[in-house]
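Since the structure comes first, as C-alpha cells, the remarks are kept for the end.
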Amino acid sequence: MRRFAIATLGLTVAVWLAGVGVVSAGSTESAAHESTGSSQPNIIFILADDLGYGHLGSYGQEVIETPELDRLADGGLRFTQAYSGSTVCAPSRSVLMTGQHTGHTTVRANFGPDGERIPLNDEDITIAEVLRSAGYTTGMIGKWGLGEPGTTGLPNNQGFDHWFGFLNQHNAHSFYPPYLWRNDRIVYYNENEHGQRQTYVQDLFIEDALEFIRTNRDGPFFLYLPFTLPHTELAARQDMLDKYSGKFDDLPFPPKEGRPAVEEAKATYAAMVSTLDHDVGRIMRELEEQGIAGNTLVIFTSDNGAATEDGAVAEYFNGSGPLRGIKRDLYEGGIRVPMIASWPGRVEKGAVDEASHVVFWDFLPTLAELAGAELPGGCDGISITPSLLHGTPVGNDRPLYWEFQKNPKAAMKQAVRWGRWKAVRLSEQEELELYDLARDIGEMVNVADQHPEIVKKFEAYLETAGS
C-alpha cells in the first residue's frame, strides 16, 4: 500500500508563511496542464448525508459493517485530510457545485435572514453546467437543497439534464415522503389502506441511479448522487435492521415532529449506514456489468461531519473518530470527512493520501480538467488530479476557509486550515483559537498564546476571506 508522504512538516514557520502563495499558484498551474488522456471518463459523485469521519471501517469504524465502501477504498485512493464545504448541508452543497468556499458561494447558510431558503443564481456556474458544456449527460438523484420551486436554483436550471429527488432539505428528512420531484413534475407516493408508509426513498434513488447508468452507458455522463442516508429521520430497510437488532443497549426513540417511534435507535442508525454501503456496492457492480468500470471515476464522500439528532449518537459509534466536534462545529469533526476515489487502471489500488488537503471547492476544477472543459472564473479550488493520477500531494500549502451561521442574523463562526495549523473563531467577539494539527489532531490544546506571529497572519487573512 502506497502512502503519500506529508511534505510540509519540516518547513519552518517563516518559510511556510512566505512560500504559501508561490507554491499554491504553482500547484494550480501544473494541474492545469495535466494530461489525462483522450477519453472523457464517466464521473459518479456519491454524497452521503451526515456521515462522520469515523463511520466507515476503512476509517476506523469497529461496529457498523461497511464492506462495500471498504472494498472501494481497497481498490482506490483514500484521503485522510479531506474536507467538506461546510458543517451543514446547503452551503456545503453550494460549495461543491460552484467551486467557491463559504466566503464566496451564493448559499452560505441553510436559511436566509427571514427563514427562507436561498437559491443558486442564474449567474452561478455549477459542475453540471461545466461538464454539460463538454458533452456530458448530467444527472442528479437525491437531495438538492439549492433552490425551491419557481426559483433560479432548480437543478434543471443549473445544468442537470435529469434529476429526481428532494428540493427542500426539511422534506428530505423523511425516508417515506408523500412526493418527490422528477425534473419539473411532482410524483406522489401514497400510504396503503392501513395508513402505513410503503415506499422507502433510498430504494427509489438507487433504482433510478442504476437506470441512469444503463441508459447512458455509452457516455460520457456525470451522475451526482446526494443520497439522504444516514441523515435522520431514523428509518431502515428491514433486512439491514435485522443485522443489528438486539446487538446494542438500545432504548425506544419516541415520535418526533410527525415521525414514528423507533424501537431500536442505535440498531436503526447502524442499519442506515449499512444500507448506504450496500447500495454503493450495487453501483459498482452495475458499472462492471455494463463494461464501463474502467472508464468511470467514482468519488464517495459526505456533506459534513457526524450528527446526533434523533438518538443517532455520534459518540456511541465513534462517528467523528479521533476528531473534536460534530455537525455544526468548525472543529475537525464538523468538516473533515471520509473521501474515497476509485478509477480502475488510473487511480492506484489501495493508496492512502495522508498529505493532500482536499476540499469540496476543488472538485469543479478537477472534474473540468478531467473532462477537458473550460474552467469558469471565480473558482477558489485547485485541480487534485496530481494526487488522483500520480500520487503527488496537493493543496497542503494554501489557506482553506470555512464560515458558519445558522442564518445571516446569527453569530458567525470561522475556521482556517493552513498547512499544519488550524484557527477557529467561535464568534466575532471571541479570541482566535490556534491548533497544531500535526501534533494535536483532536484540537485539544489551544496554542495561540505560544505563536502570536501565526495568529496575526490568520487574523489578517480572515479580514478578507469572506469578501
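A salt bridge links R398 with D362: at least one charged nitrogen is closer than 4.0 Å to a carboxylate oxygen. The residues D242 and R237 are annotated as not salt-bridged, no charged nitrogen and carboxylate oxygen being separated by less than 4.0 angstrom. Using a 4.0 Å cut-off between charged side-chain N and carboxylate O, R71 and E68 make a salt bridge. Ionic pairing of K422 and D436 is not present here: no N-O contact between side-chain nitrogen and carboxylate oxygen is shorter than 4.0 angstrom. Using a cutoff of 4.0 Å between basic side-chain nitrogens and carboxylate oxygens, R425 and E403 are not scored as salt-bridged. Between K266 and D249 there is a salt bridge, with a side-chain nitrogen of the basic residue lying less than 4.0 Å from a carboxylate oxygen of the acidic one. Between D353 and R78, none of the side-chain N atoms (NZ, or NE/NH1/NH2) sits under 4.0 Å from a carboxylate O, so this pair counts as no salt bridge.
Scanning both residues, I340 and L56, for their nearest heavy atoms gives CD1-CD1, 4.3 Å. Here the closest non-hydrogen pair linking V337 and S84 is CG2-N, 3.8 Å. Here the closest non-hydrogen pair linking R324 and G442 is CB-O, 3.1 Å. When all heavy atoms of W181 and P149 are compared, the closest pair comes out as CZ2-CG, 3.5 Å.
Ring centroids of W361 and Y83 are separated by 6.0 Å or more, keeping the two rings apart. Taking the six-membered ring where the residue is Trp, the centroids of H170 and F111 are separated by 6.0 Å or more. Aromatic rings of F221 and Y136 (six-membered ring for Trp) have centroids beyond the 6.0 Å cut-off, not under it. Side-chain rings of F363 and F45 approach one another, their centers coming within less than 6.0 Å.
S92 contributes a side-chain N or O that, together with a main-chain N or O of G85, makes up a donor-acceptor pair within less than 3.5 Å. With hydrogens and angles ignored, the 3.5 Å screen pairs no side-chain donor or acceptor of T126 with any backbone N or O of T98. A donor-acceptor contact shorter than 3.5 Å is absent between the side chain of T385 and the backbone of T366. A distance-only check finds no donor-acceptor pair linking the side chain of K349 to the backbone of G345 [under 3.5 Å]. Under a 3.5 Å cut-off, the side chain of E264 and the backbone N or O of A267 do not form any donor-acceptor pair. Distance alone, capped at 3.5 Å, is enough to place a donor-acceptor pair between the Y200 side chain and the A235 backbone. The backbone N or O of V394 sits less than 3.5 Å from a side-chain atom of S356, completing a donor-acceptor pair. Under a 3.5 Å cut-off, the side chain of N156 and the backbone N or O of F160 do form a donor-acceptor pair. Judged purely by atom type and a 3.5 angstrom limit, T296 uses its side chain to pair as donor or acceptor with the backbone of I292.
Every residue two or more places apart in sequence or in another chain that forms a side chain to side chain contact (heavy atoms under 4.5 Å, CB included) with E211 is listed here: R214, T215. The side chain to side chain contact (heavy atoms under 4.5 Å, CB included) test applied to N295 returns S39, P41, N42, not counting sequence neighbours.
In this structure, OG in S58 is found 9.0 Å from CZ in F300, a value given to the nearest 0.5 Å. Taken from OH in Y53 to CD in E332, the straight-line distance is 9.0 Å, to the nearest 0.5 Å. Here CZ of F175 is found 11.0 Å from CG of D203. Values are rounded to the nearest 0.5 Å.
Between F248 and Y316, the ring-plane angle classifies as perpendicular under the 30° and 60° cut-offs.
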Mind running side chain to side chain contact (heavy atoms under 4.5 Å, CB included) on K413 and S427 for me, showing each step along the way?
CA-CA 5 Å; K413 299 178 182 179; S427 74; over 6 Å; no
Are D161 and R132 close enough, and set up right, to give a salt bridge (Lys or Arg N to Asp or Glu O under 4.0 Å), and what steps lead you there?
CA-CA 9 Å; D161 299 310; R132 189 162 69 174; 2.9 Å; yes
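Within a 6.0 Å sphere centred on CD of E62, other residues, nucleotides and ligands contribute 12 heavy atoms or fewer.
Residues Q414 and Y401 bring a donor and an acceptor atom of their side chains to less than 3.5 Å of each other.
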Show me the donor-acceptor pairs, under 3.5 Å and distance only, between side chains in residues 222-230 and residues at least two apart or in other chains.
none

